[in-house]
Peer 1: 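My questions will all concern the structure given below.
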Amino acid sequence: MKRTILIVEDEPSIAELQRDYLEMNGYQTEIAVNGEQGLELSLSGKFELIVLDVMLPKLNGFEVCKRIRGELDIPILMVTARREDIDIVRGLGLGADDYMTKPFKPAELVARVKAHLSRYDRLKGRGSSTSELEIRGLRLNPDSRRAFVRDEEVSLTTKEFDLLYFLALHPNHVFSKDQLFERLWGVDSLGDTQTVTVHIRKLREKIEEDSANPLYIETLWGAGYRFRS
């Protein structure tokens, strides 16, 4: 069965180009031409990944992403023509899994879609092969994908959970931002590792009593991040 991708894009030529390349690579696609339609289709549960433009009529991509993430944990790839929009996506911590700036090569879009779907499948299908982790009051269950701090549940996005679980599986190991991006996002970072920094900041806000003096995720300046055992 073909994997289903929703393209939310109001520029017909761009939407059709994305559609054509994705369908040539075996995906089934549907196009939404504005934010309201995109949100409605996204929440229908028909799609496994969403390619979401930022500048949309009726409802912008930031709001669409926020509302989708409140209901679903499927991968969201945001697309924008303005570099400054990427800073907004990062700063708001909307839960997007990745983002691309126009213009980009269609082959790059296909590669990122493949990578995110592959990782999503792997994470969903872990089943009994993974174990719950409990470290100094932090408990992570990869089967239910739930996180608890001192027995109080913490709401994490898909990538926040993936990042935290990966670090916790490798205590005291230092990972650079490039390494984390490549392992968890599944594509070359292309020099844009700021998304890792944002996810680390959001995690600290959610799991640390004092994010300025973290108990769990430590920054080693010039080297990367380490989960303290």
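None of these values were measured; they are calculated from a predicted model.
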Peer 1: First locate atom CG of Leu156, then atom CZ of Arg145, and finally report the distance between them rounded to the nearest 0.5 Å.
Peer 2: 9.5 Å
Peer 1: Using a cut-off of 6.0 Å, state whether more than 12 heavy atoms not belonging to Glu205 lie near its atom CD.
Peer 2: yes
Peer 1: Is there a side-chain contact between Leu164 and Ile217 (heavy atoms, below 4.5 Å)?
Peer 2: yes
Peer 1: For the residue pair Leu6 and Ser42, what are the closest heavy atoms and their distance?
Peer 2: CD2-OG, 3.2 Å
Peer 1: Looking at Glu9 and Glu11, would you say the former's side chain and the latter's main chain have a donor-acceptor pair under 3.5 Å?
Peer 2: yes
Peer 1: Apply side chain to side chain contact (heavy atoms under 4.5 Å, CB included) to Tyr225 and Lys177, showing your working.
Peer 2: CA-CA 8 Å; Tyr225 300 101; Lys177 287 187 286 187; 3.6 Å; yes
Peer 1: Would you name the heavy atoms of Leu140 and Ala168 that are closest together and state the gap between them?
Peer 2: CD1-CB, 4.0 Å
Peer 1: What is the minimum heavy-atom distance between Leu203 and Glu160, and which atoms define it?
Peer 2: CD2-O, 3.6 Å
Peer 1: Does a side-chain N-to-carboxylate-O contact under 4.0 Å join Glu71 and Lys66?
Peer 2: no
Peer 1: Please tell me if the side chains of Glu30 and Thr4 come closer than 4.5 Å, counting only heavy atoms from C-beta onward.
Peer 2: no
Peer 1: Atom NZ of residue position Lys102 - does it have more than 12 heavy atoms of other residues, nucleotides or ligands inside 6.0 Å?
Peer 2: yes
Peer 1: By the definition side-chain contact (heavy atoms from CB on, under 4.5 Å), identify the one residue from Asn34, Leu59, Val8 that meets it with Val64.
Peer 2: Leu59
Peer 1: Apply side chain to side chain contact (heavy atoms under 4.5 Å, CB included) to residues His116 and Lys159 and explain how you reach the verdict.
Peer 2: CA-CA 11 Å; His116 285 295; Lys159 273 294 185 287; 3.9 Å; yes
Peer 1: Output the distance between atom CZ (Arg201) and atom NZ (Lys206), rounded to the nearest 0.5 Å.
Peer 2: 11.0 Å
Peer 1: Taking Arg69 for the side chain and Leu72 for the main chain, is one N or O donor matched with an acceptor at less than 3.5 Å?
Peer 2: yes
Peer 1: What I'd like to find out is whether the side chain of Ile5 reaches to under 4.5 Å of the side chain of Gln28, using heavy atoms alone.
Peer 2: no
Peer 1: Using 30° and 60° as the class limits, which term best fits the ring planes of His173 and Phe175: parallel, tilted or perpendicular?
Peer 2: tilted
Peer 1: Are a donor atom and an acceptor atom from the side chains of Thr29 and Arg3 found within less than 3.5 Å of each other?
Peer 2: no
Peer 1: Just by modelled atom types, is the Tyr216 backbone N or O under 3.5 Å from a matching donor or acceptor in the Glu208 side chain?
Peer 2: yes
Peer 1: Any side-chain heavy atom of Met78 sitting closer than 4.5 Å to one from Cys65?
Peer 2: yes
Peer 1: For a side-chain hydrogen bond (donor to acceptor under 3.5 Å, both in side chains) check, start with the C-alpha distance between Arg146 and Ser155, then their side-chain angles and the critical distance, and finish with the verdict.
Peer 2: CA-CA 8 Å; Arg146 299 171 71 188; Ser155 177; over 6 Å; no
Peer 1: Roughly how far, to the nearest 0.5 Å, is OG1 of Thr195 from CG of Asp98?
Peer 2: 7.0 Å
Peer 1: Would a hydrophobic clustering, with Ile, Leu, Val, Met, Phe, Trp and Tyr connected at side-chain separations under 4.5 Å, put Tyr165 with Val174?
Peer 2: no
Peer 1: Do Ile14 and Val33 belong together in a cluster built from hydrophobic side chains that touch within less than 4.5 Å?
Peer 2: no
Peer 1: With heavy-atom distances below 4.5 Å as the criterion, would you say the side chains of Leu52 and Val79 are in contact?
Peer 2: no
Peer 1: Go through it in stages, so that I can follow the logic: the residues are Leu49 and Ile76, the test is side chain to side chain contact (heavy atoms under 4.5 Å, CB included), and I'd like the CA-CA distance, side-chain angles, deciding distance and then a yes or no.
Peer 2: CA-CA 6 Å; Leu49 182 144; Ile76 300 173; over 6 Å; no
Peer 1: When clusters are formed by joining ILVMFWY residues with side-chain heavy atoms under 4.5 Å apart, either directly or through shared neighbours, do Phe181 and Leu220 land in the same one?
Peer 2: no
Peer 1: Working to the nearest 0.5 angstrom, can you tell me the gap between Phe166 CZ and Gln179 CD?
Peer 2: 8.0 Å
Peer 1: Would you say that Leu184 contacts Val196 through its side chain, given a criterion of any heavy-atom pair below 4.5 Å between the two side chains?
Peer 2: no
Peer 1: Rounded to the nearest 0.5 Å, how far does CG of Leu43 lie from CZ of Arg67?
Peer 2: 9.5 Å
Peer 1: Is the CD atom of Glu153 crowded by more than 12 outside heavy atoms at less than 6.0 Å?
Peer 2: yes
Peer 1: If we only count heavy atoms from C-beta on, is the Ile74 to Ile50 side-chain gap below 4.5 Å?
Peer 2: yes
Peer 1: Verify side chain to side chain contact (heavy atoms under 4.5 Å, CB included) between Leu117 and Tyr27, making sure each step is shown before the conclusion.
Peer 2: CA-CA 11 Å; Leu117 284 175; Tyr27 297 104; 3.6 Å; yes
Peer 1: Please give me the minimum heavy-atom distance between Met55 and Asp10, naming the atom from each residue.
Peer 2: O-OD1, 3.3 Å
Peer 1: Do you know the tightest heavy-atom contact between Ala32 and Leu41?
Peer 2: CB-CD1, 4.0 Å
Peer 1: Hey, could you give me the OG1/NZ distance between Thr157 and Lys202, rounded to the nearest 0.5 Å?
Peer 2: 10.0 Å
Peer 1: Take a 6.0 Å sphere around OH of Tyr21 and say whether it holds more than 12 heavy atoms from other residues, nucleotides or ligands.
Peer 2: no
Peer 1: State, to 0.1 Å, how close Glu48 and Lys2 come at their nearest heavy-atom pair, and which atoms those are.
Peer 2: OE2-O, 4.2 Å
Peer 1: Counting N and O atoms only, with roles assigned by atom type, does the side chain of Asp53 sit under 3.5 Å from a partner on the main chain of Leu56, one being a donor and the other an acceptor?
Peer 2: no
Peer 1: Would you indicate whether Glu40, at its atom CD, is surrounded by more than 12 heavy atoms from other residues, nucleotides or ligands within a distance under 6.0 Å?
Peer 2: no
Peer 1: Answer with yes or no whether the hydrophobic clustering places Phe148 together with Leu169; edges join I, L, V, M, F, W, Y residues whose side-chain heavy atoms lie under 4.5 Å apart.
Peer 2: no
Peer 1: Quick one: are Asn141 and Phe161 in side-chain contact, heavy atoms under 4.5 Å?
Peer 2: no
